[in-house]
Amino acid sequence: MKTEKRRTFIKKSMIASAGIAIGAPAYIRGYAQTKPSDIINVGVIGINDRGGLYNGGGHTANFTKIKETRVAAICDCVDYLLPKAIKDIEGLGGTKPATYSDYRKMLENKDLDVISIATPDYWHALMTVNACQAGKDVYVEKPISYTIDEGRKMVQAARKYNKIVQAGTQRRASRLNLKAVQMVREGVIGEVYMGRGTVYRSRPSIGRKPDSPVPEGVNWDLYRGPAPLIPFNENHFLYNWHWYWDTSSSEFGNNGTHAMDILRLGMNINEHPSKIACCGGFYAYKDESDQDVPNFQVATFEYPNGAILELEVRSLPTPNEPWSNLWLGTKGYAYSSGNSFLVFQSQNRPATVDGQAGTAAFSTGRMQDRTAKPSITVTEADLEPDPRRDEIDKAGIDFHFQNFVDCVRSRNNKALIADIEEGHISTAMMHLGNIAYRTGRKLTFDGKTERFVNDREADSYLSRPDGGRKPYNMPKTV
């Protein structure tokens with residue numbers, strides 16, 4: 001096949017920018033004027049990192065910049081974080097929000113329409129369920145849950161109370177990622193039999209720190225929430241809670257969720273894997289660090305239709321390799337990395353090295369290159385114009401948040417880019433990989449019952465005992 005000019009190919013494959021059947025909504029001109037309300041009042045829980053300004057991309061920042069919303073309240077059980085959050089909101093032109101230390105009190109505020117959750121992961125599920133029960137729509141960060149049972153209850157609550165709940169897997173909102181997904185689904189590399197995600201982010205040692213008194217302004221009991229209550233320790237506080245099993249799904253769950261979410265979207269996989277294996281370990285710092293989650297994991301996920309997904313997460317020094325999503329197909333391969341999507345179409349031609357094929361090529365011992373140059377390269381510049389999207393991007397708004405707001409107004413959860421069910425499926429993959437790692441063996445999972453097959457030990461990881469520490473435990477029925 002001759003290499004086509006990329007713009008020609010892309011236009012040939014283009015479906016109206018929002019219309020591809022992968023959850024992207026079709027926007028209507030003048031949509032912003034639609035009721036049910038002129039302004040949507042948002043309460044943000046968890047403002048230290050992603051929930052705050054976050055270089056202009058955090059929750060309070062987005063909901064302040066979106067014209068249909070305002071941040072009416074913020075909540076954090078670390079009181080000394082609140083003044084900066086207020087200043088940041090006002091600095092973006094927002095009004096001074098009400099403040100809360102306990103999210104349960106915030107949920108009693110009848111004027112709030114939406115709750116946005118950017119707390120530590122182990123709090124996501126209960127807050128989402130409670131918010132739905134209180135009549136609020138919810139935007140919740142990834143990974144959406146601490147256990148698979150929690151994730152299912154989040155879906156149940158969204159459906160039972162008819163709430164709009166968006167998972168924070170915002171890479172789905174990337175136009176380039178959506179174009180990659182569309183092209184892979186349309187068969188640009190044939191039948192896709194495997195997807196591979198890589199997440200490389202070097203993380204330093206957190207060292208060892210002794211227990212200490214609870215700092216002034218910190219509600220430590222509320223901070224720990226569903227997790228076991230332990231003495232205050234800086235290594236379990238703020239961002240460092242990521243490095244312990246009792247509060248985290250490890251870096252594997254923290255950022256691996258993004259990679260697997262896009263890969264399975266491209267492969268049109270909407271179910272749980274049936275077989276899971278995972279290996280790895282904690283390297284380099286084990287003699288000097290309190291961390292108990294691994295900093296290197298490799299997992300494989302096998303699906304009933306024969307497809308395979310693989311994920312490698314490495315938090316150690318690594319070559320200059322970017323994060324990437326790779327799809328392998330029967331007629332080539334494709335990967336997205338950074339600001340481009342590259343397609344290599346081999347058409348199953350014989351491998352060659354310097355013009356030699358067959359045995360001669362193999363005997364050189366050198367790398368064989370079936371496709372020396374990409375058949376197709378796609379960048380943002382190649383995509384069809386989208387005036388509304390351009391306007392939103394110029395305003396510094398993450399389109400994932402805007403999509404959520406549009407759906408809150410329309411009451412159409414089908415138009416969500418990442419409905420909570422999608423977030424559950426992607427997050428559950430991470431939990432399954434971690435369970436395989438912790439049990440030390442390959443596991444068989446029944447996706448319909450969301451239980452392992454004849455494996456009580458593995459099943460013990462599907463939920464916290466009694467739903468978590470009381471009174472912050474997940475109820476059996478939502």
Kindly say whether the aromatic ring centers of H272 and H431 come within a distance under 6.0 Å. no
Contacts of type side chain to side chain contact (heavy atoms under 4.5 Å, CB included), residue [X], not counting sequence neighbours:
X	value
L92	L53, A61, T64
D390	none
T449	D446, R451
T95	R70

Under the ring pair (Phe, Tyr, Trp, His ring centres under 6.0 Å) test, which residues partner [X], sequence neighbours left out?
X	result
F341	none
Y244	H236
H242	Y239
W220	Y223, F232

Discussion item. Test: salt bridge (charged side-chain N to carboxylate O under 4.0 Å, His left out). Region: residues 154-167. Which pairs qualify, not counting sequence neighbours?
Written reply: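 Every salt bridge (charged side-chain N to carboxylate O under 4.0 Å, His left out) pair that includes a residue of residues 154-167, provided the two are not neighbours, is R159-D419.
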Q.
I need the full list of salt bridge (charged side-chain N to carboxylate O under 4.0 Å, His left out) pairs touching residues 92-101, with sequence neighbours left out, sorted by first then second residue.
A.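 Non-adjacent pairs meeting salt bridge (charged side-chain N to carboxylate O under 4.0 Å, His left out): zero.
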Residue pairs passing the side chain to side chain donor-acceptor pair (under 3.5 Å) test with at least one member in residues 116-132, sequence neighbours excluded, are H59-S116, Y103-N130, N130-Q133
Worksheet item: Below 4.5 Å, heavy atoms only, C-beta onward: do E141 and I117 meet side chain to side chain?
Response: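 A side-chain contact under 4.5 Å is absent here.
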### Task
To the nearest 0.5 angstrom, please state how far the CE atom of M429 sits from the CG atom of D261.
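The CG atom of D261 is 9.5 Å from CE of M429, to the nearest 0.5 Å.
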- State which residues pass salt bridge (Lys or Arg N to Asp or Glu O under 4.0 Å) with R389; sequence neighbours excluded, sorted by chain then number.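 So R389 forms a salt bridge (Lys or Arg N to Asp or Glu O under 4.0 Å) with D393.
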Test side chain to side chain contact (heavy atoms under 4.5 Å, CB included), reference L176, set V378, V181, D382, output is V378
